[in-house]
Visitor: 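Structure below; questions to follow.
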Amino acid sequence: MAHHVSPIREPLITGNKTYHDITVDLVSPTEKAPGGLWMIGFIISVGLLLFGVFCIIWTIWIGIGSWNLNRTIGWGWDITNFVWWIGIGHAGTLISAILLLFRQKWRTGVNRAAEAMTIFAVMCAGLFPALHTGRPWLDFFLFPYPNTRGPLWVNFNSPLLWDLFAISTYFTVSLLFWYTGLVPDFATVRDRATGIRKKIYNFLSFGWTGSAKHWQRWESLSLVLAGLATPLVLSVHTIVSFDFATSVIPGWHTTIFPPYFVAGAIFSGFAMVLTLMLITRKVLHIEDYITIEHIESMNKVILLTGSIVGVAYLTELFIAWYSGYVYEQFAFYNRALGPYWWSYFGMMFCNVVSPQFFWKKSWRRNITLTFILSLVINMGMWFERFVIIATTLARDYLPSSWSYYVPSWVEIGVYLGTFGLFFTLYLLFTRVAPVVAIAEIKHILKSSGDQYTTQRVAKVTEPVVTDEPGEEGQGFSSVSPD
Amino acid sequence: MADNHTEVLFGLYNDETELLDAVKIARDGHLDIMDVYTPFPVHGLDPILGLKESRLHIAGFIFGALGTLTAFIFMTWVFTRDWPIIFGGKPYWSVPAFIPIIFELTVLFASIGMVVTFYTICGMGPGVTNPVLDDRITDDKFCIAFKTTDADDSLVEKLNSFFTKTGAAEVHTKTI
């Protein structure tokens with residue numbers, strides 16, 4: 001049952017922490033009044049959110065004609081933003097589910113916040129198609145419910161309907177997974193709280209006691225939910241890509257879309273996780289739990305997925321040429337040299353060139369560079385979706401209907417509003433819940449705490465077996481029944 | 001449960017290795033442990049405590065299969081019996097196009113079903129308050145609890161000496 005931990009593995013928890021230190025460090029942000037930086041961020045976020053609400057009301061009142069969309073370009077910033085936000089959400093599930101299955105211990109430092117990011121990003125994403133229907137008060141028509149018109153059912157063969165099912169499922173499963181992970185930590189907060197806070201956290205912690213049997217079931221549940229969320233997250237962006245790939249529009253009708261979209265989603269999601277984590281660790285003083293090692297690991301994922309995205313771009317270009325299909329060739333010529341050439345080159349630079357900086361170890365571990373690149377990559381991935389959607393639609397089969405599109409202030413306002421929503425929710429989350437999973441951090445302390453790894457490095461010449469039983473990773477019970 | 005009080009004698013340990021040793025000794029000495037409470041999942045505890053593997057994943061499979069069947073049968077019924085429509089010249093019963101929704105509902109049913117089952121069998125839920133022996137169990141203390149309702153003095157003495165022998169940092173009694 002003993003488990004080999006490589007002596008050259010870097011510690012994931014620094015500062016010689018005890019279990020009690022971990023509790024205090026991670027619970028204290030929820031116990032103190034927020035600081036000045038938080039208040040400024042919160043006021044800006046709520047301001048943006050209110051402006052977004054205003055723009056949404058405007059949209060509903062006037063109609064989506066107020067977005068400057070036209071007959072040729074029916075999908076503009078709205079669907080671009082939708083795909084962008086959904087993609088951002090994917091990193092959270094990747095960290096919390098896929099890295100759990102791969103037994104990556106560094107996930108424990110960031111999974112809670114990343115999963116929260118997923119949930120908030122999916123909320124932002126869902127807003128765009130809901131508004132784009134034009135009559136959002138009739139959006140319940142999208143669900144197959146018994147009605148008095150036959151009943152007339154929805155078209156189960158349509159990728160747009162698959163998308164509805166995929167995103168609703170994704171949101172629900174992410175929420176359940178995240179909350180179940182939070183329950184033991186809410187109990188920790190509850191047991192330190194007094195008065196009204198104790199009552200609130202008592203409600204939120206669902207009566208958690210920490211019983212051995214409950215932990216066993218909790219781990220079993222986490223593992224199965226991770227196993228379910230892994231194919232789910234791949235299916236969600238695959239289905240998003242079907243929205244395009246099953247159409248007959250040149251530039252969209254390609255089989256490369258599902259893997260290319262999934263890689264792009266993880267790429268942009270990790271960039272957003274880094275943006276958030278670099279600020280969060282600084283503001284909440286949790287550098288001991290989200291270390292340079294975590295940042296480097298995430299930069300490696302960015303390097304990998306960014307390179308996959310780069311290969312996908314080049315493959316698309318090659319296949320367009322190789323297909324001999326003139327419309328496909330034109331679609332790509334138009335992307336690079338047409339009226340939206342700037343977005344194509346923005347995409348190429350931000351997504352293909354910029355992550356290549358991370359081949360150098362010292363740059364992967366440079367916080368300033370990482371922060372700048374994380375913003376650049378997020379911008380680049382937005383360009384990618386814009387290139388795919390608006391640029392392609394602008395030049396269709398009929399030159400007489402070619403068009404150009406610039407978003408109106410209303411459409412930009414809705415986008416800014418989703419930033420407001422996202423950051424408002426995220427900032428509230430950092431005050432209400434521990435942003436790092438307390439129980440999971442305690443679980444890896446003896447294998448990844450710096451006081452323990454230093455001991456291992458001291459004995460580097462001999463293979464080291466920790467006597468800590470069953471450290472195969474969180475969420476997996478290494479025991480067999482009696 | 002209000003009139004059905006349970007007296008509990010419990011010891012708190014400072015480290016999970018001490019806890020594991022103590023549980024082993026308690027099992028060898030045939031002491032009837034009521035429950036063990038820890039701040040995080042301690043691996044290796046289940047077999048020495050004699051806990052069987054959780055069957056929650058079986059429930060997950062059943063719920064998932066239910067989702068698969070629900071989606072498949074419903075879409076089949078709609079497109080072959082209730083309101084057949086031709087989409088793009090394809091057959092009414094175009095099964096490959098059903099796959100995405102079948103998959104999503106499988107995952108949805110399995111997840112919701114498992115989570116609801118988990119909270120139900122653990123006796124947890126929104127607003128539920130279960131007795132907490134000590135506030136530090138969710139922080140850094142590892143607890144072994146024995147039921148001492150109607151226990152005679154010799155048993156209590158035996159338990160106390162067990163806690164002393166195994167190095168419990170604190171021993172308390174509580175009525176829950």
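Keep in mind that this is a model prediction, so the values were computed, not measured. Quick note on labels: first sequence line is chain A, next is B, and so on, each numbered from 1.
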Visitor: What verdict does the side-chain contact (heavy atoms from CB on, under 4.5 Å) test give for B:F79 and A:N155, after you've listed the backbone C-alpha separation in whole Å, the side-chain angles of each residue and the deciding distance to 0.1 Å?
Guide: CA-CA 9 Å; B:F79 281 160; A:N155 180 4; 4.1 Å; yes
Visitor: Check for a donor-acceptor pair, side chain of A:W215 on one end and backbone N or O of B:T38 on the other, with a separation under 3.5 Å.
Guide: yes
Visitor: Specify which of B:I112, B:I137, B:L133 makes the most heavy-atom pairs with chain A at under 4.5 Å.
Guide: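 Heavy-atom pairs under 4.5 Å are most numerous for B:I112.
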Visitor: A:L228 versus chain B, heavy atoms under 4.5 Å apart: side chain, backbone, both or neither?
Guide: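 Both backbone and side chain.
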Visitor: Check whether B:I121 gets within reach of chain A through its side chain, its backbone, both or neither, counting any heavy atom under 4.5 Å.
Guide: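 Both the backbone and the side chain of B:I121 come within 4.5 Å of chain A.
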Visitor: For the residue pair B:F40 and A:H443, categorise the inter-ring angle as parallel (less than 30°), tilted (30 to 60°) or perpendicular (more than 60°).
Guide: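 B:F40 vs A:H443 ring planes: perpendicular.
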Visitor: Under a 4.5 Å heavy-atom cut-off, does chain B meet the side chain of A:L164, its backbone, both or neither?
Guide: neither
Visitor: For B:F109, is it the side chain, the backbone, both, or neither that has a heavy atom closer than 4.5 Å to a heavy atom of chain A?
Guide: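 Answer is neither: B:F109 stays 4.5 Å or more from chain A.
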Visitor: At a heavy-atom separation under 4.5 Å, does A:P159 approach chain B through its side chain, its backbone, both, or neither?
Guide: neither
Visitor: Is A:T172 in contact with chain B via its backbone, its side chain, both, or neither, using a 4.5 Å heavy-atom distance?
Guide: side chain
Visitor: Sort out for me which of B:P126, B:S111, B:G127 touches chain A most, counting heavy-atom pairs under 4.5 Å.
Guide: B:P126
Visitor: Pairs of donor and acceptor atoms involving the side chains of residues 89-103 of chain B, under 3.5 Å and at least two apart or interchain, shall be tabulated with distances.
Guide:
| unit_1 | atom_1 | unit_2 | atom_2 | d |
| --- | --- | --- | --- | --- |
| B:W93 | NE1 | B:T76 | OG1 | 3.0 |
| B:S94 | OG | A:N157 | ND2 | 3.2 |

Visitor: Between B:D139 and chain A, with a heavy-atom cut-off of 4.5 Å, which part of the residue counts as in contact: side chain, backbone, both or neither?
Guide: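 Looking at B:D139, backbone and side chain both touch chain A.
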Visitor: Within a strict 4.5 Å, meaning less than it, do heavy atoms of the A:K446 and B:D15 side chains meet?
Guide: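 They are in contact (side-chain heavy atoms under 4.5 Å apart), so the answer is yes.
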Visitor: Checking ring-ring contact (aromatic ring centres under 6.0 Å, His included) between A:W153 and each of B:F74, B:F87, B:W83, which is the one that passes?
Guide: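 When B:F74, B:F87, B:W83 are each tested with A:W153, the ring-ring contact (aromatic ring centres under 6.0 Å, His included) holds only for B:F74.
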Visitor: Between A:L221 and chain B, which part of the residue has a heavy atom less than 4.5 Å away: side chain, backbone, both or neither?
Guide: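 For A:L221, backbone and side chain are both near chain B.
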Visitor: Side chain, backbone, both or neither: which part of A:D185 has a heavy atom under 4.5 Å from chain B?
Guide: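 No part of A:D185 comes within 4.5 Å of chain B.
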Visitor: What distance separates B:R55 CZ from A:S220 OG, expressed to the nearest 0.5 Å?
Guide: 11.5 Å
Visitor: What part of B:V132 gets within 4.5 angstrom of chain A, counting heavy atoms only: side chain, backbone, both, or neither?
Guide: side chain
Visitor: Quick one: do B:L56 and A:V224 satisfy side-chain contact (heavy atoms from CB on, under 4.5 Å)? Show the steps, please.
Guide: CA-CA 9 Å; B:L56 199 58; A:V224 179; over 6 Å; no
Visitor: Which pairs with one or both residues in residues 191-202 of chain A pass salt bridge (charged side-chain N to carboxylate O under 4.0 Å, His left out), sequence neighbours excluded?
Guide: A:E31-A:R192, A:K198-B:D135
Visitor: So does B:K52 get a backbone contact from the side chain of A:K213, meaning a donor-acceptor N/O pair under 3.5 Å?
Guide: yes
Visitor: If you round to the nearest 0.5 Å, how far is CG of B:N130 from CZ of A:F206?
Guide: 12.5 Å
Visitor: Counting only heavy atoms closer than 4.5 Å, note whether A:V183 contacts chain B via side chain, backbone, both or neither.
Guide: side chain
